[in-house]
Amino acid sequence: MARPRKDTPAIKLPVGGNVTMHNTLISASHGLNLGEKRLVAMAVAKLSPKAVALPGKPVRISAVDFAKQFGLDTTTAYEQLRDAQENLFNRYIRHIEHYGPNGQKTEVIKMRWITSISYKNGDGEVALAFAPEIAQFLVQLKKHFTSYQLSKAAALRSTYSWRLFENLERFRETGIWEVDMDRFHAIMETPKSYRRNFNDARRFVIDPALAELAAKTNITAEVEPIRRGRKIDRLRFTFENASQMKLAL
């Protein structure tokens with residue numbers, strides 16, 4: 001299978017710190033659009049993953065820094081930041097826990113990203129406080145976490161690309177991510193029609209995401225559909241050049 005062609009070199013944007021999250025959060029459904037994903041990623045990058053608790057004060061993000069981080073003009077940054085903060089309070093993480101004999105039973109857990117958020121119109125600044133329920137996934141991290149430079153994902157223009165990027169980064173040491181179709185669709189939050197039709201999922205989600213990663217992050221990846229009978233049961237992504245930052249402990 002041919003690898004996605006690199007049409008343009010990776011875009012260089014401000015480093016912006018590292019985004020570090022527990023792998024449980026990496027593999028959960030995030031429920032965010034691109035602007036909201038950017039805001040959350042910038043806020044997470046301001047945390048210390050080795051801290052004993054979330055910060056006592058809100059995390060602040062200015063429109064000027066937002067524009068620089070994501071290569072936006074000031075007007076677009078103000079609009080995207082304003083819209084993101086408007087909806088973020090109602091966004092939640094959706095995580096599925098498997099339990100019982102052979103993990104056959106499931107429990108769906110929903111957690112809000114934040115408990116409060118404010119926006120200063122004149123200053124173009126957002127201040128947000130992460131929900132205490134997700135502290136376990138953002139601080140006191142010693143193992144089972146993924147960390148990457150925010151700049152590596154900042155040029156991405158698709159949430160599908162960003163979510164694929166995060167999950168590939170999780171398996172950077174092996175260069176292989178194998179995932180069943182139900183889990184893949186849950187992580188990527190694809191429309192129901194794509195779940196019924198793999199060709200649509202490939203055309204509108206997988207292939208565009210792989211192409212954008214190749215162009216903007218220096219990750220070269222291939223995907224192999226794995227069948228069980230006539231049905232595609234799993235996907236195997238193989239990749240190289242995924243830059244992953246190890247957290248110094």
Taking the side chain as every heavy atom from C-beta outward, state whether [X] and [Y] have any pair of such atoms under 4.5 Å apart.
X: E169; Y: I219; answer: yes
X: T146; Y: N167; answer: no
X: M188; Y: Y160; answer: yes
X: L156; Y: L213; answer: yes
X: F70; Y: M42; answer: yes
X: E222; Y: T238; answer: yes
X: L47; Y: V59; answer: yes
X: T20; Y: V44; answer: no

What heavy-atom pair brings [X] and [Y] nearest, and what distance separates the two atoms?
X: A131; Y: L54; result: O-CD1, 3.7 Å
X: L34; Y: R157; result: CD2-O, 3.5 Å
X: V179; Y: F184; result: CG2-N, 3.7 Å
X: A41; Y: V19; result: O-CG2, 3.7 Å
X: N18; Y: S147; result: CB-OG, 3.6 Å
X: A221; Y: L210; result: CB-CD2, 3.6 Å

Exercise. So, does E133 use its side chain to make a donor-acceptor pair with the main chain of R112 at under 3.5 Å?
Worked result: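 No.
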Exercise. Is the backbone N or O of N33 less than 3.5 Å from a side-chain atom of T159, with the two atoms forming a donor-acceptor pair by type?
Worked result: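 No: the side chain of T159 does not pair with the backbone of N33.
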For this session: Please collect all side chain to side chain donor-acceptor pair (under 3.5 Å) contacts where either partner lies in residues 72-82, sequence neighbours excluded, each pair once.
Result: R38-Q80, D73-T76
Exercise. Side chain to side chain donor-acceptor pair (under 3.5 Å): which pairs involve residues 116-128, sequence neighbours left out?
Worked result: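 Every side chain to side chain donor-acceptor pair (under 3.5 Å) pair that includes a residue of residues 116-128, provided the two are not neighbours, is R60-E125.
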Exercise. How about R203: does its CZ atom have over 12 heavy atoms from other parts shown lying under 6.0 Å from it?
Worked result: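 At most 12 heavy atoms, drawn from other residues, nucleotides or ligands, come within 6.0 Å of this atom.
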Hydrophobic cluster identity match, [X] and [Y], side-chain contacts under 4.5 Å:
X: L128; Y: F89; result: yes
X: L168; Y: V205; result: yes
X: L88; Y: Y92; result: no
X: I109; Y: L25; result: yes

What pairs of residues pass the ring-ring contact (aromatic ring centres under 6.0 Å, His included) test when at least one of them lies in [range], not counting sequence neighbours?
range: residues 35-61; result: none
range: residues 192-211; result: Y194-F204
range: residues 25-59; result: H30-W113

Exercise. Going through the distances and angles, do I26 and M21 end up as a side-chain contact (heavy atoms from CB on, under 4.5 Å)?
Worked result: CA-CA 7 Å; I26 291 289; M21 297 183 288; 3.4 Å; yes
Which residues satisfy the side chain to side chain donor-acceptor pair (under 3.5 Å) test with [X], sequence neighbours excluded?
X: T190; value: H185, R195
X: S48; value: none
X: D65; value: S62
X: T115; value: none

Let me check something: any side-chain donor-acceptor pairs from residues 226-237 under 3.5 Å, sequence neighbours excluded? List them with distances.
unit_1: R227; atom_1: NH1; unit_2: R230; atom_2: O; d: 2.8
unit_1: R234; atom_1: NE; unit_2: E178; atom_2: OE2; d: 3.1
unit_1: R236; atom_1: NE; unit_2: E178; atom_2: OE1; d: 2.9
unit_1: R236; atom_1: NH1; unit_2: E224; atom_2: OE1; d: 3.2
unit_1: R236; atom_1: NH2; unit_2: E178; atom_2: OE1; d: 3.0

Exercise. Which residue pairs satisfy the salt bridge (charged side-chain N to carboxylate O under 4.0 Å, His left out) criterion with at least one member in residues 18-37, sequence neighbours excluded?
Worked result: E36-R91, K37-E166
Exercise. After noting the C-alpha distance and the side-chain angles of M111 and F137, does the key distance pass the side-chain contact (heavy atoms from CB on, under 4.5 Å) rule?
Worked result: CA-CA 11 Å; M111 298 166 285; F137 306 125; 3.7 Å; yes
Spatial distance of atom [atom1] ([X]) from atom [atom2] ([Y]) [nearest 0.5 Å]:
X: W162; Y: E212; atom1: CH2; atom2: CD; result: 10.5 Å
X: S29; Y: R163; atom1: OG; atom2: CZ; result: 7.5 Å
X: D83; Y: L39; atom1: CG; atom2: CG; result: 11.5 Å
X: E107; Y: I96; atom1: CD; atom2: CD1; result: 11.0 Å

Problem set entry | Residue pair Q85, I61: steps toward the side-chain contact (heavy atoms from CB on, under 4.5 Å) verdict | CA-CA 11 Å; Q85 64 82 32; I61 307 291; over 6 Å; no
For this session: Could you give me the CA-CA distance, side-chain angles and deciding distance for R170 and S27, then say whether side-chain contact (heavy atoms from CB on, under 4.5 Å) is met?
Result: CA-CA 9 Å; R170 177 183 172 186; S27 62; 3.6 Å; yes
Exercise. Quick one: ring pair (Phe, Tyr, Trp, His ring centres under 6.0 Å) partners of F130, sequence neighbours excluded?
Worked result: none
